[in-house]
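Scope of the values below: all heavy atoms of this structure, side chains included, with no hydrogens, waters or symmetry mates. We name chains A, B, ... by the order of the sequence lines, and we start the count at 1 in each one.
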Amino acid sequence: MFDISHGPDGTIVFSGRLDAAQCAKAEAFIDAAGAVQAYDFGGLEYISSAGLGVLLRRHKRLVASGGRLRLINVNSHIYDIFRFSGFDQVFDVQRAGS
Amino acid sequence: MSDRSVPSASGSAAQESLRERRDFARSFDSLEQIFAMVRRVLDARGVGEADAYAIAMAIEELFTNMVKYNAQGLGHIGLEIECSDKDVTCSLVDPDSERFDINAMPDANVHLPVEQRRPGGLGIHLIRRMVDSIDYDYAGRRSRITFRKTLNRPWAEPAGASGGGSDKNQSE
């Protein structure tokens, strides 16, 4: 399952699995959250290319206003997905435990 | 959603494989059931987390492409998973489709500047780095995509990554 919520520190907290069926839910929440730039992936187990699309769209909007998407507590598998997709060079990605 | 499930075990006692096949409706709503099937089969054989991630992702990418690009196709999409102690082989079958060989698709250019990056187009690119082979078969409007993943083999390193290794499955 997938869940998305506001964190206590101004972040958006992701948990579960962000697959293609959950992207509309994720994108609706992100859009409603406004200018939040930091996403906590500590509870996120899985992301697919559909989820990457959600992140890219959001990042581009942030860049347009001088910001950049920052992802924290990213697990090793998802970090590898970012490396293979080149998005480790696009987003500010911080691995879990770093 | 069709729920035809065909579990079976085959092979010698020394290398018994587990196989399960089910049909799924052409909808992203099928993903939850698909992942449940994947977990069930892989957990039964003790497949590790990294391998399970790669297999689940490859199945999702292939299934969602079939749904997106052939939503009007007749019939359900079949998924078969066979898990031995050495590898996992998965097949997705669309019984009513036009021919489209995914192996002919080039890799995504992941080095473009961000303003040129587009959402989409990464599914096949990522699958190629996570599995060992992808085969495409087409006959009588039936498309079959089969991939195989050797267990306990790391995902392929991106070209130019520190630590060596070469990127695999560059566009032909």
Would A:D19 and B:E32 count as a side-chain contact (heavy atoms from CB on, under 4.5 Å) here? Give the steps. CA-CA 9 Å; A:D19 60 43; B:E32 188 174 351; over 6 Å; no
Interface moiety of B:F63 toward chain A, non-hydrogen atoms closer than 4.5 Å: neither
Pair up each side-chain donor or acceptor in residues 88-98 of chain A with any protein partner under 3.5 Å, not counting sequence neighbours, and list the distances.
| residue | atom | partner | partner atom | Å |
| --- | --- | --- | --- | --- |
| A:S98 | OG | A:R95 | N | 3.4 |
| A:S98 | OG | A:R95 | O | 2.6 |

When hydrophobic residues are tied together by side-chain contacts of less than 4.5 Å, even through go-betweens, does B:L62 share a cluster with B:M66? yes
Proximal component of B:A50, with respect to chain A [non-hydrogen, under 4.5 Å]: both
For A:L55, is it the side chain, the backbone, both or neither that has a heavy atom under 4.5 Å from a heavy atom of chain B? neither
I want to check something: taking the side chain as every heavy atom from C-beta on, are A:D80 and B:M130 in contact at a cut-off of under 4.5 Å? no
Value for CH2 (B:W155) from CZ (A:R83), rounded to nearest 0.5 Å, stands at 9.5 Å
Would you say that A:I78 contacts B:Y53 through its side chain, given a criterion of any heavy-atom pair below 4.5 Å between the two side chains? yes
Under 3.5 Å: donor-acceptor pair, side chain of A:H77, backbone of B:D51: no
Is the closest side-chain heavy-atom distance between B:R117 and A:L52 below 4.5 Å? no
More than 12 heavy atoms of other residues, nucleotides or ligands under 6.0 Å from OH of B:Y136: yes or no? yes
Tightest non-hydrogen contact, residues B:T64 and A:A20, listed as CG2-CB, 3.8 Å
Using 0.5 Å steps for rounding, measure from the CD atom of B:E49 to the OG atom of A:S76. 7.0 Å
For the hydrophobic clusters of this structure (ILVMFWY residues joined by side-chain heavy atoms under 4.5 Å, transitively), does one cluster hold both A:I72 and A:I12? no
Residues of residues 56-69 of chain A near chain B, each having a heavy atom less than 4.5 Å away: A:L56, A:R57, A:H59, A:K60
Side chain proximity check, B:L122 to A:F87, heavy atoms < 4.5 angstrom: yes
At a heavy-atom separation under 4.5 Å, does A:Q22 approach chain B through its side chain, its backbone, both, or neither? neither
Does any part of the side chain of A:Y46, heavy atoms only, come nearer than 4.5 Å to the side chain of B:E60, both counted from C-beta? yes
What distance do A:S49 atom OG and B:E61 atom CD have between them, rounded to the nearest 0.5 Å? 3.0 Å
Chain A contact via B:A56 - which portion, at a heavy-atom distance below 4.5 Å: both
